[in-house]
Amino acid sequence: MYSNEEYLVQLLQEAGLLAPEDLEFAQEVGDGNSAVLALVKDERLSEEDLARTLATNAGMDFYNLAAEVPDQGALDAMDKASAGRYKVVPAKLADGVLTVAVWDPFDIETLDALPHVFTGYQCEFVLSQRSTIFGMIKDFYGVDPDAAPGDAIDIDMGAIESADDAPIIKLVGEILQEAFSMSASDIHIEPMEDRMRIRLRMDGALHVVAEHPLRLHGPIMARLKIMTGSMSIDEKRVPQDGRIQAKLGKKEIDLRVSTVPTNHGESVVMRILDKSSLLLGLAELGFFSDDEEMFNELIALPDGIILVTGPTGSGKTTTLYACLNTINRPDRKIITVEDPVEYMLPGINQVPVKASIGMTFAAALRSMLRQSPNIVMVGEIRDEETAAIAINASLTGHLVFSTLHTNDAPSSVARLSDMGIKPFLIASATRAMIAQRLVKKVCPECGGSTEMSERELRLLNVDLSKFSDVNLRRGAGCKLCRQTGYKGRLGILETFRMSEEMKNLVTQELSTPALRRRARELGMRTLREDGIRKMVAGVTTAEEVIRVTGMDED
């Protein structure tokens, strides 16, 4: 559809290209549809006459794309994603001037954005027939312009490396490729006073991987915003959020893009969401067999609420996704409410939170329960209303998964109580509260036998003689782990099961320290104890266990 249909119909009428009956036809089909395209399809209007009229009115030259094949150099100046979004064709490249064929001169947003797309060229816009432009986009870029936006962008490094006319496209592709190949969880592009810094977060720690001249920051930001298909290139004063779907070889990944204005320009963070991780089970997350057995017992329950707790970045959402992936079957209806929806889970109904239109966690949860689900996942319990609905859902035959921000598992009782949930409801509804942290794994390539220092023995207060098989290991540093000695992460857990005795103690409003002491007496393994267990097995190190659990755990 053209941007200003009413004005265009008036232009065509003044040019004598439409008969009275054509105007009546346009009025009949124009309600929410493209009257102009309908006139062309019905052969009441020549598409070439339409393009020439638009060109004259816009002060552009008419360019007959059908008669001249575009230069390959011109075609190489635009990538597949931009072709699908902007629906234009670079027709000719000569002396640094790129001639770009457009079909809608009223689309000001596209015309303003194209100089950012074709960085390094002076752009000259010409008018051509819409059908010819769309046909060439299909032929040369393999994109259907009529298809809905949102298809994955192919990051083909072979093609990028040969695209000498598109250095920014090449650079952005290399950044994404390197981040993915290094198993980074997110990419940070940060403008500084005299340079632009690129850092990757790997195994929870940030590493500087490149620095570039500050002049490249603007074109890179424009390229990334174009790839999202939803972020404004011109708006640099307020934060923006978007999403990029990309293919790296045969891998499909999502990148959640977030920008924020800083003193020296927009800082961007891209969270890498690898869709292949959706196939992970609990064992692949690094849980030992008894952890996996415990989770399998919990997720097989018909009702109740299971909470995973911990700070941001402790792997709570990944654990919940693994649980849902394990129990996702055609005979079960699963609905989630998330802010935002990070991974698209096949066969599961996922509801995004949109607080700006009143779609809060509580509002979404109320609506979800009317959909008769068997299993519900609430991304996070943040307030009393959400907590109350989740608790009530678990008491009425639903299995509910959610997360809380607490330091340990027993503290979840106090957190829910502070939100206004009655202790007897907490005791009745809750099946388990699981605190989780992520520790780095010893690199499999350079890991070797080691011994604990006196300081580590003192801080952990551990007697290694109590363990029948001790296999302490530490990484020396190699190319695979970037000289860190670690590669990958796994979870350590603290599981507070709501046994009958614990229900009585919760109902009696016992303090958190008292609950914790009694739970340990009944066999609850703390985060530190689980970390020590995995340290003794040679999976992680004493240094990591101390870092993650603190130095003064009871």
Side-chain angles (χ1 to χ4, degrees), residues 282 294-310 316-317 319-329 331-339 345 348-351 353 360-406 409-436 493-509 515 519:
L282 295 167
M294 177 269 296
F295 265 102
N296 285 330
E297 288 178 8
L298 291 173
I299 63 181
L301 295 171
D303 55 25
I305 186 166
I306 298 169
L307 295 172
V308 181
T309 78
K316 302 186 299 295
T317 302
T319 297
L320 290 184
Y321 276 139
C323 291
L324 293 182
N325 185 56
T326 302
I327 59 180
N328 183 16
R329 299 202 308 258
D331 62 339
R332 292 174 174 174
K333 185 175 182 69
I334 303 175
I335 306 181
T336 74
V337 53
E338 305 171 61
D339 182 21
L345 298 167
I348 293 178
N349 302 276
Q350 295 174 269
V351 180
V353 167
T360 60
F361 273 108
L365 189 50
R366 279 194 298 269
S367 299
M368 287 161 53
L369 296 178
R370 292 194 288 269
Q371 296 283 313
S372 299
N374 302 103
I375 299 160
V376 171
M377 187 189 92
V378 184
E380 182 184 345
I381 293 179
R382 299 177 178 176
D383 52 54
E384 179 182 357
E385 188 178 11
T386 305
I389 298 171
I391 291 287
N392 288 332
S394 68
L395 292 171
T396 54
H398 302 86
L399 182 60
V400 180
F401 295 92
S402 192
T403 68
L404 275 179
H405 286 289
T406 62
S411 296
S412 302
V413 175
R415 181 79 178 99
L416 291 174
S417 183
D418 289 343
M419 288 182 183
I421 305 300
K422 300 295 183 183
F424 77 91
L425 289 175
I426 299 173
S428 300
T430 307
R431 298 294 176 263
M433 298 169 174
I434 304 160
Q436 179 173 318
L493 308 172
E494 175 180 285
T495 304
F496 180 79
R497 299 286 293 264
M498 197 62 72
S499 64
E500 288 302 320
E501 180 174 347
M502 282 297 141
K503 288 181 182 180
N504 292 331
L505 296 178
V506 169
T507 304
Q508 294 170 23
E509 301 186 42
L515 280 177

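Position 1 is the first residue of the sequence; numbering continues from there.
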Find the distance between [atom1] ([X]) and [atom2] ([Y]) and round it off to the nearest 0.5 Å.
| X | Y | atom1 | atom2 | result |
| --- | --- | --- | --- | --- |
| Thr326 | Asn296 | OG1 | CG | 6.5 Å |
| Asn349 | Ile335 | CG | CD1 | 5.0 Å |
| Thr403 | Arg382 | OG1 | CZ | 8.5 Å |
| Gln436 | Lys316 | CD | NZ | 8.5 Å |
| Leu425 | Thr507 | CG | OG1 | 9.5 Å |
| Leu369 | Thr396 | CG | OG1 | 6.5 Å |

* Output, in order, the C-alpha distance, side-chain angles, deciding distance and verdict of side-chain contact (heavy atoms from CB on, under 4.5 Å) for Thr430 and Val413. => CA-CA 9 Å; Thr430 307; Val413 175; over 6 Å; no

Under 4.5 Å between any side-chain heavy atoms of [X] and [Y], yes or no?
| X | Y | answer |
| --- | --- | --- |
| Leu515 | Met502 | yes |
| Thr319 | Ile434 | no |
| Leu307 | Thr406 | no |
| Asp303 | Ser394 | no |
| Arg497 | Glu297 | yes |
| Gln508 | Pro423 | no |
| Leu404 | Leu416 | yes |
| Ile375 | Ile348 | no |

Can you name the nearest heavy-atom pair linking [X] to [Y], along with the distance?
| X | Y | value |
| --- | --- | --- |
| Gln350 | Tyr321 | NE2-OH, 4.0 Å |
| Met433 | Ser412 | SD-CB, 3.3 Å |
| Lys333 | Ser372 | CD-O, 3.9 Å |
| Ala390 | Leu365 | N-CD2, 3.7 Å |
| Cys323 | Phe295 | SG-CD2, 3.7 Å |
| Phe401 | Ile327 | CE1-CD1, 3.9 Å |

* Asked: Going through the distances and angles, do Ile305 and Ile381 end up as a side-chain contact (heavy atoms from CB on, under 4.5 Å)?
  -> CA-CA 12 Å; Ile305 186 166; Ile381 293 179; 4.1 Å; yes

* CA sep, side-chain torsions, deciding dist, call: Leu399, Arg332, side-chain contact (heavy atoms from CB on, under 4.5 Å) -> CA-CA 11 Å; Leu399 182 60; Arg332 292 174 174 174; over 6 Å; no

* Asked: Under 3.5 Å, is there a donor-acceptor pair between the side chain of His405 and the main chain of Gly310?
  -> yes

* Quick check: does any side chain N or O of Glu494 sit under 3.5 Å from a backbone N or O of Ala435, one acting as donor and the other as acceptor? -> no

* To do: Could you go through the side-chain contact (heavy atoms from CB on, under 4.5 Å) check for Leu298 and Leu301 one step at a time?
  => CA-CA 6 Å; Leu298 291 173; Leu301 295 171; 4.2 Å; yes

* Asked: Do Glu385 and Arg366 meet the salt-bridge criterion of a basic N to acidic O distance under 4.0 Å?
  -> yes

